2 protein chains.
Amino acid sequence: MKLQQLRYLVEVAKQGLNVSEAAEKLHTSQPGISKQIRLLEDELGIQVFIRNGKRVVAVSEPGQQVLDIAGRILREAQNLKRVGDEFAREEEGELTIATTHTQARYALPTAVQAFLKRYPKVSLRIKQGNPIQICEMVVAGEADFAVATESIDQFSELTALDCYQWNRSVVAPLGHPILSLDHPLTLADIAAWPIVTYDYAFAGRNNINRAFELSGIEPNIVLTAIDTDVIKTYVGLGLGVGIIATMAFEPERDTQLGFVHAEHLFLPSTTRIGIRRDAYLRGFAYHFIELFAPHLTRQVVDRSMRGGDDE
Amino acid sequence: MKLQQLRYLVEVAKQGLNVSEAAEKLHTSQPGISKQIRLLEDELGIQVFIRNGKRVVAVSEPGQQVLDIAGRILREAQNLKRVGDEFAREEEGELTIATTHTQARYALPTAVQAFLKRYPKVSLRIKQGNPIQICEMVVAGEADFAVATESIDQFSELTALDCYQWNRSVVAPLGHPILSLDHPLTLADIAAWPIVTYDYAFAGRNNINRAFELSGIEPNIVLTAIDTDVIKTYVGLGLGVGIIATMAFEPERDTQLGFVHAEHLFLPSTTRIGIRRDAYLRGFAYHFIELFAPHLTRQVVDRSMRGGDDE
DNA sequence: AATGTTTACGGAGGCCGTAAGCATG
DNA sequence: CATGCTTACGGCCTCCGTAAACATT
């Protein structure tokens, strides 16, 4: 059994059971992969892949278990390399963060700036996606951790760390009636206008829905956007009033918009970091997390990754 | 990076940093191991072992982390083989149980008998040791699971499954006064005689100590044995009265001994099964566990191994 | 016919074992 | 001087890439 063979297996599975594509991705020849996979299958005494004649068409039941284990082995092998780098080149390396637009645009910049200054030799990468996608990136080992408000706790491979809580505000064009009410803002006040807010999968959109459902008021949502900038743009054009994350309102930039707090109308949302439990984090990765959420020290993060309940 | 290199690393560490001995254990040459370890160290960019001149004298800090990960990888590689066997040769294989004398002698035989009949092609091995030793065997992957009353929960790598509760009885030579008291047995009655019981590390000895401590009575323990047969032997010789596990009294064999229940004097002890959380268990291993403790179905065992808290 | 997998074969690289060299206690 | 690790070297194995045959859609 060789690590290469496991890599081949996993890559073939990842490429939708297409050996040729796997060969390309791995910069090697297709017959080589075929052969090594057969050798491994012989050694294990089982077929990992079910073939229809010469074509690979499915993963067998034992094959799925083999793939799971192989994935774990390969991830651990990656971790070995990281241990090496961690000690040989403390200040160098890569850090990949998967996150959503809102976090990347409004929450992360401060931490990123401090991080770049502290670790000039680390190449920081930010991958954007929707909450499901970014969690999958972390699960697949394509990112070191995820920062998101949704979905993290749906992945059992990930441990979720609370970073901060936030809530929503309403924005509208300057002079809009909703900005000069003679009473505290209510859901009914908002629902009196067309609403522009986040797409269903993003930024605590669930909490917005729930608030309206509970109140029995039917909101008229005319545009759902993935990011706040789009919302602000259309609110500025007069399409309706916007419900956005409070932190996403920038008084000095958003000069044509007015702003009303709506924290009392919606349940707060919690932004979390999601990390694979079996990942090996570089020292600077812990440091970034602490820059982003100071209460998440290395000790807290480690405890959460290693079981969390015992010890 | 190759699996062999990891095997070499781990074996050298296991053999007390002696490369030559590791070579012998692995049936290979010593220079080969030296070379491969150096190659791996070069690849990782760190020294796993600290050398004093040409002698290996210690494990470096990153080296320890490398060894931990390497161990995990090798265990997963073993698991891969087991998946193969599980599906290719369902009824064959090996099952190694680590346990103490008391369990092996009085608790396991029924399950073993049923198991041998059901799986004649599986070679069953029982390794005996003290509770610490048997837990270490499981941690090292030398046994599939441990059956013991003590220590299992002290190993964070293991998950502990309750099997059954039991308590103690007092044995004495036929005609001994303690066998014909006119009142229910008390600790004072026992402490009036020299006592023969288990060694401190075994069979819930803690619970015996605690009972006497709480009552403020000082017992006169004249012999501490590792196994019940030794205790019974010396009680038969008139050395004193014995405190043993109730299940270890065999009326048809122990004809020269009398027996008094003492369940009301001591806290019950719980016998548990200890399994590495990241182990891969063969189907027949689950079956054995269920034969031994019917409430421990495959589902229960799996849930306990995979985290226990979530899902 | 095109896509995709297996079989066949040759070359290069790497792993292992033997033997000799060299530190350390 | 004995133990133990390293360096040196040669053989063999195996892994990989090319080319061609074969199967499937």
Side-chain angles (χ1 to χ4, degrees), chain A residues 1-60 63 66-67 70 73-74 77 80-81 84, chain B residues 1-60 63 66-67 70 73-74 77 80-81 84:
Chain A
M1 183 189 317
K2 270 130 216 138
L3 286 174
Q4 281 281 37
Q5 298 173 328
L6 303 184
R7 243 170 249 133
Y8 290 169
L9 273 189
V10 170
E11 192 61 34
V12 169
K14 203 172 169 186
Q15 298 303 326
L17 307 180
N18 185 319
V19 180
S20 306
E21 283 186 35
E24 251 183 77
K25 283 264 179 191
L26 296 175
H27 308 292
T28 184
S29 73
Q30 178 269 324
I33 295 195
S34 276
K35 183 158 192 194
Q36 290 306 317
I37 289 184
R38 285 192 168 269
L39 281 174
L40 182 63
E41 288 182 329
D42 285 353
E43 184 180 341
L44 296 179
I46 51 165
Q47 292 235 310
V48 174
F49 296 121
I50 297 172
R51 295 162 177 81
N52 196 343
K54 287 196 171 181
R55 210 145 291 208
V56 177
V57 294
V59 176
S60 71
V66 168
L67 284 172
I73 292 179
L74 294 175
L80 270 185
K81 296 215 168 129
Chain B
M1 183 189 317
K2 271 131 214 139
L3 286 174
Q4 280 282 37
Q5 297 173 329
L6 303 183
R7 241 169 249 133
Y8 291 168
L9 273 189
V10 170
E11 192 62 33
V12 168
K14 202 171 169 186
Q15 297 303 325
L17 307 179
N18 186 318
V19 180
S20 308
E21 283 185 34
E24 252 184 76
K25 283 267 179 188
L26 296 176
H27 310 292
T28 183
S29 74
Q30 178 269 322
I33 295 195
S34 277
K35 183 161 192 193
Q36 291 307 317
I37 289 184
R38 284 187 170 274
L39 281 175
L40 182 62
E41 287 182 328
D42 286 352
E43 185 180 341
L44 296 179
I46 51 164
Q47 292 235 311
V48 174
F49 297 121
I50 296 171
R51 296 162 175 81
N52 196 342
K54 290 198 171 180
R55 213 144 292 206
V56 176
V57 294
V59 176
S60 71
V66 168
L67 284 172
I73 292 179
L74 294 175
L80 270 186
K81 297 217 167 126

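Note that the structure is a prediction, hence the values are computed from the model and not measured. We name chains A, B, ... by the order of the sequence lines, and we start the count at 1 in each one. Just so it is clear, the values below take in all heavy atoms, side chains as well, and ignore hydrogens, waters and symmetry mates.
- Note that CG of A/Leu6 and CD of A/Gln4 are 9.5 Å apart. Values are rounded to the nearest 0.5 Å.
- Rounded to an integer number of Å, the gap from CD of B/Glu41 to C1' of D/dT6 is 13 Å.
- Residues satisfying the side-chain hydrogen bond (donor to acceptor under 3.5 Å, both in side chains) criterion with B/Glu41, sequence neighbours excluded, are B/Arg51.
- Remark: P of C/dT5 and CD1 of A/Ile50 are 15 Å apart, rounded to the nearest angstrom.
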Between side-chain atoms of residues 33-40 of chain A and protein atoms elsewhere (two or more places apart, or another chain), which donor-acceptor pairs fall under 3.5 Å?
unit_1  : atom_1 : unit_2  : atom_2 : d
A/Ser34 : OG     : A/Gln30 : NE2    : 3.2
A/Gln36 : OE1    : A/Gln5  : NE2    : 2.9

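- Rounded to 10°, the angle separating the first-five-pair axis and the last-five-pair axis of the helix from C/dA1-D/dT25 to C/dG25-D/dC1 equals 40°.
- When the side-chain nitrogen and oxygen atoms of A/Gln4 are compared with OP1 and OP2 of D/dC16, one or more of them lie within a distance under 4.0 Å.
- Remark: A/Arg38 is not in phosphate contact with C/dT5, judged by side-chain N or O atoms under 4.0 Å from OP1 or OP2.
- Among all heavy-atom pairs drawn from A/Ser29 and A/Ala23, the shortest one is C-CB, 3.8 Å.
- Of the residues in residues 16-37 of chain B, those lying under 4.0 Å from DNA chain C by heavy-atom distance are B/His27, B/Thr28, B/Ser29, B/Pro31, B/Gln36.
- One interatomic measurement links the two molecules: NZ of A/Lys2 to P of C/dG13, which rounds to 19 Å at whole-angstrom precision.
- A pairwise comparison of heavy atoms in A/Lys81 and B/Leu44 identifies CA-CD2, 3.9 Å as the closest pair.
- To the nearest angstrom, C1' of D/dT14 lies 14 Å from CD of A/Glu43.
- Atom CG of B/Leu3 is separated from atom CG of A/Leu3 by 4.0 Å, given to the nearest 0.5 angstrom.
- Rounded to the nearest 0.5 angstrom, A/Ile73 CD1 and B/Leu80 CG are separated by 4.5 Å.
- Scanning for side-chain hydrogen bond (donor to acceptor under 3.5 Å, both in side chains) contacts around A/Arg55 gives an empty result, with sequence neighbours left out.
- Among the nucleotides C/dC15, C/dT6, D/dC16, the one closest to the side chain of B/Leu39 is C/dC15.
- Looking at residues two or more places apart in sequence or on another chain, you find a side chain to side chain contact (heavy atoms under 4.5 Å, CB included) between B/Ser60 and B/Ile50, B/Pro62.
- Counting any heavy atom pair closer than 4.0 Å across all strands shown, B/Tyr8 reaches sugar-phosphate atoms only and no base atom.
- Within the structure, salt bridge (charged side-chain N to carboxylate O under 4.0 Å, His left out) pairs that include any residue of residues 11-30 of chain B comprise B/Lys14-B/Glu142 (at least two apart or interchain).
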Tabulated below should be each protein N or O lying under 3.5 Å from an N or O of nucleotides 22-25 of chain C; please produce it.
none

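- Taking atom CD of A/Gln5 as the reference point, atom P of D/dC15 lies 7 Å away to the nearest angstrom.
- Under the rule for a side-chain hydrogen bond (donor to acceptor under 3.5 Å, both in side chains), B/Gln47 has no partner lying at least two apart in sequence or in another chain.
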